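Predicted model, so just to flag it, every value in this text is computed and none were measured. Below, chain A is the first sequence line, B the second, and so on; all start at residue 1.
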2 protein chains.
Amino acid sequence: MDAIHYTAALVRKLESIATLTAEEKAALLRLPLRLKTVAARQDIVREGETSSECCLLVEGFACRYSLTAEGKRQILSFHISGDILDLQTLHLETMDHSLATLVPSILAFIQPDDLRTLMLSHPNLGDLLWRDTLIDAAVFRQWMVGLGRRNAYGRIAHVLCELLVRLRAVELVEDHAFTLPVTQAELGDAFGLSTVHVNRVLQDLRGDGLITLHGGSLKVLNWQGLKKAGEFDPTYLHLVKKEAL
Amino acid sequence: MDAIHYTAALVRKLESIATLTAEEKAALLRLPLRLKTVAARQDIVREGETSSECCLLVEGFACRYSLTAEGKRQILSFHISGDILDLQTLHLETMDHSLATLVPSILAFIQPDDLRTLMLSHPNLGDLLWRDTLIDAAVFRQWMVGLGRRNAYGRIAHVLCELLVRLRAVELVEDHAFTLPVTQAELGDAFGLSTVHVNRVLQDLRGDGLITLHGGSLKVLNWQGLKKAGEFDPTYLHLVKKEAL
DNA sequence: CGCGAGTTTGAAGGAAATCAATATCCGTGG
DNA sequence: CCACGGATATTGATTTCCTTCAAACTCGCG
């Protein structure tokens, strides 16, 4: 990340879901931030806590998760550069789930009051943040469809599509390839699958010539095929620029 | 529903998640409404449509759902009296899922502009509506945990707990009993289960003395047991009055 | 080189789906 | 008031997808 403006990631992300005026961009860039670098696999906020700041993921990869009584983990969403992780602290007191980094990341904490001031002076930005939380909810719903009604192959294909489109919207995709810094165990936690089965499904996806995946880098070889396998329709992401898909 | 104020259901619901001033209540009750009665199992809005009004469920039962390519349905949430069904039309253009009634219902349509005017004059109500959409998202997340990490028995137990608590918050529960106007097929669509399996799980729940269910009426016999079976913790509903649970 | 996290493979077991049939409920009209 | 018909619920038998357990393998790294 170039050093100039850490909120640039946020601007770029918000521009992917709406159009900003120059003044709005400037106001976003003026937001006071408290920066923090965090190692991989560290909790950012934990279920039950009352977090007093909103957290912007400037660079890195994070996830939202919840633990069941037996200690099983369900990952609820993945987050990328520019995502505001806990906008909900603006309106809800206690966290009903946890947030954690997946790789070493740069976080920027924003005072809720600064955000409120910003929204008062720029109502459109307030609407835009609300829009962003609604899109998050749409992503949850789409995952629910996968968990409830798609088999493992379709579920994994679907999220890979989702990640490709979201990452491309913030210009983190090059030549249909992106970094997926997630272990197979974590993929399993995200889709309610065992590590073993995730592994087998990934092999199928490779065998069917849809993707390659090694180290943390994923490349989509057959975008049409992957979309079809995951029944992926990007409408729910409500991006302004429709992708050439 | 007593005829006086159809928005009373909304006031009661919002009061379950926050405290309202007298003036705020009055402003809500002044909202212009277009009323409509709808038969059971009718779509209210369909995926892909652009809905131009916000829909308040005054009385009845509704659900949110999505269809996969093979025609499988995933129910995403259940809605009860007082719920605003598509607040998202305020900020998102196209519906990424559908809404339907489950029983004959009374709907009240509100013009987004009326809502916007209301929020301008009463910023707290705007915050409150935002809070409501955040709570909806929390409910989605909780269902995801169920779909991904709980077995059929736990999933069903969990939603029954959720419905009891939500219905009690709007005073629709008497003596641990409420109407659950949902077929076993619909429960299956909600939890990613087959009708057959839902049936077997319900028998287990009955056999374990946790509930009775006949016709559309459900009674919780053993609340502690049901909560335990569903690992239910009502925190995520963010209700103001904590229940005596 | 050797260690450990992550990945891969094999075999066996289980939760839930599917298929198929029967039973029950409930509203409607005779 | 009862008989009928369609929707819903129940039951049994079989199959499938995925889990669990256990072990071996690979790769990056100190």
Select base, sugar-phosphate, or nothing to describe what [X] touches, counting heavy atoms under 4.0 Å on all strands.
| X | result |
| --- | --- |
| Arg206(B) | sugar-phosphate |
| Gly192(A) | sugar-phosphate |
| Leu202(A) | nothing |
| Thr183(B) | sugar-phosphate |

Open item on the list: Check this one for me: any side-chain N or O of Gln203(A) less than 4.0 Å away from OP1 or OP2 of dT9(C)?
Closed with: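 Checking Gln203(A) against dT9(C): at least one side-chain N or O falls below 4.0 Å of OP1 or OP2.
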Open item on the list: When you measure from the side-chain N and O atoms of Asn199(B) to the phosphate of dT10(D), is any distance below 4.0 Å, counting only OP1 and OP2?
Closed with: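 Indeed, a polar side-chain atom of Asn199(B) lies that close.
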- [ ] Kindly assign one of parallel, tilted or perpendicular to the pair Phe191(B) and Trp143(B), based on the angle between their ring planes and the thresholds 30° and 60°.
- [x]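 Geometry flag for Trp143(B) against Phe191(B): tilted rings.
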Could you state the atom-to-atom distance from [atom1] of [X] to [atom2] of [N] in whole Å?
| X | N | atom1 | atom2 | answer |
| --- | --- | --- | --- | --- |
| Leu193(B) | dC17(D) | CG | P | 17 Å |
| Leu205(A) | dT8(C) | CG | P | 12 Å |
| Arg200(B) | dG12(D) | CZ | P | 8 Å |
| Leu180(B) | dT8(D) | CG | C1' | 14 Å |
| Leu213(B) | dC25(C) | CG | C1' | 13 Å |
| Gln184(B) | dA17(C) | CD | C1' | 16 Å |
| Asp189(B) | dT8(D) | CG | P | 12 Å |
| Asp204(A) | dT9(C) | CG | P | 11 Å |

TODO: Taking all non-hydrogen atoms of both residues into account, name the closest pair between Val201(A) and Ala152(A) and its distance.
DONE: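 Smallest heavy-atom distance, with atoms named: CG2-CB, 3.7 Å.
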TODO: Please report the closest heavy-atom contact between Ser105(B) and Leu57(B), naming both atoms and the distance.
DONE: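 Smallest heavy-atom distance, with atoms named: CB-CD1, 3.9 Å.
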Task: Nearest listed nucleotide, side chain of Ala152(A), among dC18(D), dT7(C), dT10(D) - done: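 My answer, after comparing the listed nucleotides, is dC18(D).
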Task: Intermediate values then yes/no, side-chain contact (heavy atoms from CB on, under 4.5 Å), Ile84(A) and Leu10(A) - done: CA-CA 8 Å; Ile84(A) 304 183; Leu10(A) 177 59; 3.8 Å; yes
- [ ] Enter the distance from Arg141(B):CZ to Gln74(A):CD here, rounded to the nearest 0.5 Å.
- [x]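 It comes to 12.5 Å.
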Open item on the list: Between Arg155(A) and Val196(A), which residue's closest nucleotide on DNA chain D lies nearer the 5′ terminus?
Closed with: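 Whichever sits nearer the 5' end wins; that is Arg155(A).
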